Number of protein chains: 2
Amino acid sequence: MSNNSVFIEKLRSSGLRPTRQRLQICKLLFDRQNTFHFSIQGLSKMIVNQHKEKKVSLATVYNTINAFKQKGYLKEISINSDKTYFDTNTSNHHHFFNESTNELIDLDNSEVGKIDIRKKIPGKKINSIEVIVKIANSN
Amino acid sequence: MSNNSVFIEKLRSSGLRPTRQRLQICKLLFDRQNTFHFSIQGLSKMIVNQHKEKKVSLATVYNTINAFKQKGYLKEISINSDKTYFDTNTSNHHHFFNESTNELIDLDNSEVGKIDIRKKIPGKKINSIEVIVKIANSN
DNA sequence: CAATAATTTATAATGATTCTAAAGTAGTGT
DNA sequence: ACACTACTTTAGAATCATTATAAATTATTG
């Protein structure tokens with residue numbers, strides 16, 4: 001059980017007041033050993049499953065996650081059109097996507113060789129480089 | 001003006017009968033010098049703008065594009081959650097995404113150094129490796 | 001503790017995509 | 001050319017994710 005003040009600070013720095021609902025979301029997202037991937041729907045189900053506290057409306061989940069995303073406390077991962085995933089691992093890294101199971105697996109920056117982009121676009125700078133490695137059962 | 005028989009074959013091999021609507025879509029997609037990126041909504045507007053022939057319903061556009069995607073005549077590109085793009089360039093390549101303008105630019109395979117994935121997932125094989133380079137104005 | 005501004009919530013609105021069922025069209029055999 | 005069958009098209013309905021709304025609730029500040 002990590003310190004609430006960490007979460008309160010995370011919320012404040014994202015421009016949000018700490019409320020029961022937002023703190024519950026923080027606990028689910030950040031009070032854990034390993035980073036993880038989730039969808040809004042999945043996160044919402046996790047909240048319902050806890051059912052220790054009262055429910056949190058979908059709108060609040062969206063608002064909170066979007067604020068965290070903007071602040072950089074969460075990363076959005078786009079794999080295919082039909083699902084939006086978020087990642088509590090905000091470090092510079094990439095992903096495997098298992099097309100058989102729709103599962104995401106982290107691919108550390110150190111596990112990918114330097115990516116050499118040889119084409120320059122005049123007047124533009126590179127914001128980020130994202131690699132998605134799609135995998136499937138090898139039979 | 002390219003030969004219709006090419007389009008008819010493309011449709012047939014995708015499991016679709018050649019119809020006026022589908023041929024019109026083929027012309028827009030494949031009867032051009034350079035490959036290009038489009039969204040369903042954008043393609044639909046292109047069809048309306050031609051207004052030489054009768055309109056094509058959205059459902060037909062979706063059906064046809066999905067069949068081409070499955071057959072591999074089109075590639076789907078996932079950049080962010082709110083837009084699905086397609087690419088008539090089905091060769092192995094990557095993309096720049098201009099976050100200021102929401103514009104996609106091809107990044108040829110030859111313009112990216114070899115991508116070295118050092119992590120192996122047991123029992124899985126790599127289907128594809130996709131690189132997205134997000135760019136913006138460099139001020 | 002009261003006043004104010006932010007928040008939560010259920011529900012409505014929106015937008016993309018898929019489904020449906022009736023009307024239209026292509027392919028096949030004659 | 002004709003008719004039959006199966007596939008298509010279409011408008012509109014249905015669905016799903018996400019965002020907007022507006023009234024009731026709650027946090028903050030003095």
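Every heavy atom of this structure was used, including side-chain atoms; hydrogens, water molecules and symmetry mates were not. What you see is a predicted model, and the numbers here were worked out from it, not measured in a lab. Just so it is clear: chains get the letters A, B, ... in the order the sequence lines come, proteins before strands, and each one is counted from 1.
Taking the nucleotide of DNA chain D with the nearest heavy atom to each of A:Pro18 and A:Leu58, the more 5' of the two is matched to A:Leu58. Looking at which nucleotide of DNA chain C each of B:Arg12 and B:Gln41 is closest to, the 5′-most match is held by B:Gln41. Of the residues near DNA chain C, B:Thr19 and B:Tyr62, the one whose nearest nucleotide (by heavy atom distance) lies more toward the 5' end is B:Tyr62.
Hydrophobic clustering keeps B:Ile79 apart from B:Val133 (ILVMFWY residues linked when any side-chain heavy atoms are closer than 4.5 Å, directly or through intermediates).
Residues B:Asn63 and B:Phe68 form no side-chain contact, since every pair of their non-hydrogen atoms from C-beta on lies 4.5 Å or further apart.
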Self-check item: Residues A:Asp116, A:Arg118; criterion salt bridge (Lys or Arg N to Asp or Glu O under 4.0 Å); working and verdict
Solution: CA-CA 6 Å; A:Asp116 174 23; A:Arg118 296 175 189 146; 3.0 Å; yes
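When the nucleotides C:dT17, C:dT9, D:dT8 are ranked by their closest atom to the side chain of A:Arg20, C:dT9 comes out on top.
B:His94 and B:Asp106 share no donor-acceptor pair across their side chains, judged by distance under 3.5 Å alone.
Atom-to-atom, CZ of A:Arg17 to P of C:dT8 comes out at 10 Å; the value is rounded to the nearest Å. Going from atom NZ of A:Lys45 over to atom P of D:dC16 covers 11 Å, rounded to whole Å. Remark: C1' of D:dA11 and CG of B:Asn63 are 14 Å apart, rounded to the nearest angstrom.
When the side-chain nitrogen and oxygen atoms of B:Lys55 are compared with OP1 and OP2 of D:dT9, none of them lie within a distance under 4.0 Å. Proximity of B:Thr60 to the phosphate of D:dT10: a side-chain N or O atom is located under 4.0 Å from OP1 or OP2.
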